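Data first, discussion second: the structure below is written as structure tokens.
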Amino acid sequence: METTEFIKQLEELKTEGKTTQELYNEISSLAMIFGLRKEQRPVVKNAYYLSMEFLIGRSFFNNLMELGVLDETRNILAQKGIDINIFEEIEDAALGNGGLGRLAACFLDSAAGLGLPLQGYGIRYRYGLFKQAIENGFQVELPDDWQRFGDPWSIRRENEKRTVRFADMTVTAVPYDMPVFGKRINVLRLWQAEGDEEAQKISEYLYPADDTEEGKLLRLRQEYFFSAAAVGELIEKHVKLYGRKFHNFADFNVIQLNDTHPVLAIAEFIRILIADYQVNFSDAVEIARKTFAYTNHTIMPEALECWDAGQVKKILPDIYALLIKLHLKQKEDFDKLNCSEEEASDMAIYSSDRFSMANLAVYIGKTVNGVAKLHTEILKDSLFRTAYRYYPEKFQNKTNGITQRRWLMLCNRELSELIDNTIGKEWRSDISLLCGLNGHIPEITNEFVRVKAVKRKQLFDYIKKHEGIDIPENFIVYSQVKRLHEYKRQLMTAFAILEIYKGLKDGTVKDFQPSVFVFGAKSAPSYKRAKAIIKFINEVADKLNSDEQTNKFLKVVFVQNYNVSYAEKIVAGTDVSLQVSTAGLEASGTGNMKFMMNGAVTCGTMDGANIEIVELAGKENNYIFGAEVDEIEKLKTEGYEPAKLMQKNALHRYAVSALTDGTFSDGGTGCFKDLYDALIVGASWHKPDHYFVLHDLQSYVEALLKINTDYKDQKSFATKQLKNTANSAFFSSDRTIMEYAEEIWNITD
Ligand SMILES: *Cc1c(COP(=O)(O)O)cnc(C)c1O
């Protein structure tokens, strides 16, 4: 189908009397037919991205844009009296949790955009990440029935279904293909589990509660399920094309493991070669070594999958046996390398009756990569230091990125047009040209200020509609939107806001430019402290928003159900991006990049990709504060007493005491006292304030106030913001994907 034919069919589409849902499905189906007609270049080698999460968001607008028909569709619908924005009613496909899942979606977009053959493999969850409502200040979780409107962007491949076997059940894995449109059409293949009730459970929920034995087994089943379906299929395809020989398997396939969740794919791959094709063990291991590569996303121990050996044995006895065999081979290798006992145990696949997926991935993976410069250095210095000593050649850095198509062109048409008018449109197909803006900043600051005001207004309208809160147009927007976690320190932002509020009340903070703090975050359902922080922020918001003395200057909004579509509004309308994790703990962050590209300054710590952001956009154009990694390490070893810091500083006393002195109510749950104790007393498993909130709080408040003062010089502040946009090309996932393609995958377009 030609573009003109798509347009013609769209023009002929009857719209009268149809529901949004019907129109959505009909237009999407037309676009699918149109999109899939494109001729594909044959591929020699494919890369496969195995990921437990793909946080794709809404496909409708993005796919129409990628197919080059978004503007025409908007116009044709307008002629029929339909505002294209009605399709914002359609649920996001929230088949992921946060950064890791969004990264997977950005990678697929970039690979298709660059014409590189990268295919995704994951799970087609019946329910995505829960929908969040805030009731009484508390998070409430509702099921996310994302297919409620239909799923016109997927194709069920009935005749490519497979069987996945566990000791106690047999499951059918049915593939659903979502095309990824771009210069080439790649495929995200999501497996749906079918069979009896138990079998179906495997693809029912993303991250089912795993605080019980049963929950852990289900999680293990999920990970094996999609990994096994993927490698089983790849091996079969290879045999069909090249016969039952595998020495050349890695010439045609490379498999990237997105974190530790799909690492069982390695064991399954080796198992199949041995059991079904009589490859000997050491040859099978060698082939796996050329095929798999591993990306680490976190150094937090709780997020590195470890499986209880007994559980693996129970439902996957052959995988258990294979893991033990790999463990014994590893021991032999370590003996040859003369590793000490301690070193061997550091790198062991099997120890204390558990299998370490990270150690398996490092042992077999041809490469191991971190996701920002600092993070990769931390992997080499601490988490994988022993492995780095013995296998230094495996380690690489691949700083994350975001797709400028969704995160600039789609979410910020106004800024994109300003860029077009300034440097021409070529940046849209070659993002590296964006740096051309650097030579034109003084000429366009006024226009930029106007664009920011438009995007801010759109955000405020959206917030008004969804949260019922009014924000005046002249308010500066500071945003902290990301998963709720103690290390991300949303609580520190809440304290900083309270200190500014106090300053406004007692007159020590003067000439304050009106500002709103926007929070958005979901907490894991079982993470008590994170939920307490949500409640606390909402209490702070209620108090401040209703204080007539200060609410002309300071407001706080906690948006409900933060997701990709909400993020698209927030990143475009924000002036100040809050990226304040404890140094050393945010592997990269990608939210920080979205904000930078949309012309927000970063107020943040020297952590993750923030370091590279300020390196490229200039420290003078951003606001860095707080302890750096070596200082945090020093505090950990030499002692750190948050209670003393609190006693010494009246503002800190005010803010932290607000948790327990009756200023705010936690609804009688005691959850605020728990937060207080975590900061001041500690807990059985950690010292007080192990994320160093009190240490960084004062410099944080100072940075926020400095930004507020600098903002008054509109031209100079807009210049800082534009410097961020102009230097953000490095954070395009196009750049990241080119690096993976050239340095790990060896694939070409
Ligand atoms: C980008 C994004 C994230 C990741 O944000 P970080 O600030 O990097 O943690 C999480 N959730 C959504 C919906 C996103 O779009």
Side-chain angles (χ1 to χ4, degrees), residues 97-99 132 134 137-139 298 300 463 467 477-501 515-525 527-545 554-563 566-567 570-571 574 576-583 585-587 589-592 594-595 600 602-605 607-608 610 623 625-626 642 652 655-656 658-659 664 666 671-672 674-676 678-679 689-701 703-704:
N97 213 337
Q132 177 198 57
I134 300 293
F138 289 106
Q139 166 172 302
T298 177
M300 298 271 192
I463 287 177
E467 323 303 336
V477 183
Y478 296 74
S479 296
Q480 187 173 20
V481 290
K482 48 186 68 257
R483 290 304 309 251
L484 214 132
H485 200 289
E486 288 165 280
Y487 85 81
K488 292 182 183 271
R489 299 200 293 190
Q490 285 97 342
L491 184 57
M492 183 168 77
T493 307
F495 288 154
I497 295 168
L498 279 175
E499 296 197 3
I500 292 171
Y501 169 70
S515 301
V516 59
F517 283 82
V518 175
F519 290 91
K522 289 181 185 173
S523 157
Y527 189 174
K528 291 213 172 96
R529 283 186 189 164
K531 290 182 142 175
I533 293 169
I534 291 179
K535 171 68 174 164
F536 185 66
I537 293 169
N538 280 306
E539 287 294 308
V540 172
D542 281 352
K543 182 179 170 74
L544 272 53
N545 294 347
L554 184 57
K555 287 200 166 190
V556 178
V557 180
F558 189 100
V559 306
Q560 303 177 78
N561 201 39
Y562 174 62
N563 61 8
Y566 223 135
I570 294 170
V571 298
T574 292
V576 186
S577 156
L578 303 176
Q579 307 296 339
V580 303
S581 51
T582 313
L585 293 182
E586 187 72 272
T590 50
N592 46 5
K594 300 167 194 163
F595 284 108
T602 297
C603 176
T605 48
D607 198 19
N610 295 354
Y623 297 82
F625 70 91
H652 293 357
V656 178
L659 281 168
F664 300 113
D666 63 9
C671 71
F672 289 176
D674 291 344
L675 291 180
Y676 182 91
L679 290 172
D689 192 14
H690 59 318
Y691 296 116
F692 304 92
V693 167
L694 278 144
H695 183 274
D696 286 351
L697 181 54
Q698 187 173 344
S699 56
Y700 187 20
V701 174
L704 293 171

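Excluded from the calculations below are hydrogen atoms, water molecules and symmetry mates; all remaining heavy atoms, backbone and side chain alike, are included. These numbers were taken from a predicted model, which means no experiment stands behind them.
Residues L697 and H652 meet the side-chain proximity criterion, which asks for heavy atoms closer than 4.5 Å. Side-chain contact check for Q698 versus E499: every heavy-atom pair is 4.5 Å or farther apart. In this structure, L679 and L491 have side chains that are in contact, with non-hydrogen atoms separated by less than 4.5 Å. Between L675 and D666, every side-chain heavy-atom pair lies at or beyond the 4.5 Å cut-off.
For V559 against G520, the heavy-atom pair with the smallest separation is CG2-CA, 3.8 Å. When all heavy atoms are compared, the tightest approach of S515 to Y478 is OG-CE1, 3.4 Å. Closest of all the heavy-atom pairs between A541 and V556 is CB-O, 3.5 Å. Contact detail for Y527 and L484: the closest heavy-atom pair is CE1-O, 4.0 Å. Annotation for V580 and G604: closest pair CG1-CA, 4.4 Å, computed over non-hydrogen atoms. Of all heavy-atom pairs spanning A494 and F519, the tightest one is N-CZ, 4.3 Å.
Put simply, the side chain of Q579 never gets that close to the backbone of N610: no donor and acceptor are under 3.5 Å apart. A donor-acceptor pair is defined here as one N or O able to donate and one able to accept, closer than 3.5 Å; such a pair exists between the side chain of R489 and the backbone of Y691. Side chain of N538 to backbone of F536: no donor-acceptor contact under 3.5 angstrom is found. Proximity of a side-chain donor or acceptor of K531 to a complementary backbone N or O of P525 within less than 3.5 Å is detected. In this structure, the side chain of S699 engages the main chain of D696 through a donor-acceptor pair within 3.5 Å. No donor-acceptor pair under 3.5 Å is formed between the side chain of N592 and the backbone N or O of T602.
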Quick one: do V576 and S479 satisfy side chain to side chain contact (heavy atoms under 4.5 Å, CB included)? Show the steps, please. CA-CA 6 Å; V576 186; S479 296; over 6 Å; no
Please step through side chain to side chain contact (heavy atoms under 4.5 Å, CB included) for the pair V656 and Y676, ending with a clear verdict. CA-CA 7 Å; V656 178; Y676 182 91; 3.8 Å; yes
With side chain to side chain contact (heavy atoms under 4.5 Å, CB included) as the criterion, how do V481 and L578 come out once you've worked through the C-alpha distance, each side chain's angles and the decisive distance to 0.1 Å? CA-CA 8 Å; V481 290; L578 303 176; over 6 Å; no
Begin with the C-alpha distance, continue with both residues' side-chain angles, and end with the deciding distance and a verdict on side chain to side chain contact (heavy atoms under 4.5 Å, CB included) for K555 and L544. CA-CA 6 Å; K555 287 200 166 190; L544 272 53; over 6 Å; no
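Using modelled atom types and a 3.5 Å distance limit, the side chains of N561 and K522 yield a donor-acceptor pair. Side-chain N/O atoms of Y566 and Q560 include no donor and acceptor closer than 3.5 Å. H690 and E486 form no side-chain donor-acceptor contact under 3.5 Å, judged by distance and modelled atom types alone. A side-chain donor from one of Q132 and Q139 sits under 3.5 Å from a side-chain acceptor of the other. Between the side chains of E586 and Y487, a donor-acceptor pair is found at a separation under 3.5 Å.
Distance check, rounded to the nearest 0.5 Å: CG of D607 to NZ of K488 gives 9.5 Å. Atom-to-atom distance recorded for F517:CZ and Q490:CD is 13.5 Å, nearest 0.5 angstrom. Remark: L498 CG to K543 NZ distance equals 8.5 Å, nearest 0.5 Å. To the nearest 0.5 Å, the span separating CZ on F692 from OG1 on T582 amounts to 7.5 Å. Separation of atoms OG1 (T298) and CG (L585) is listed at 8.0 Å; rounding is to 0.5 Å. A distance of 12.5 Å separates CZ of R529 from OG of S523, quoted to the nearest 0.5 Å.
Taking the six-membered ring for Trp, F664 and F672 have ring centres at least 6.0 Å apart.
Ring-plane geometry between F625 and Y700 is classed as parallel, the angle between the planes falling under 30 degrees on a 0 to 90 degree scale with a further cut at 60.
A salt bridge links E539 and K535; the closest N-O separation between the charged side-chain nitrogens and carboxylate oxygens is under 4.0 Å.
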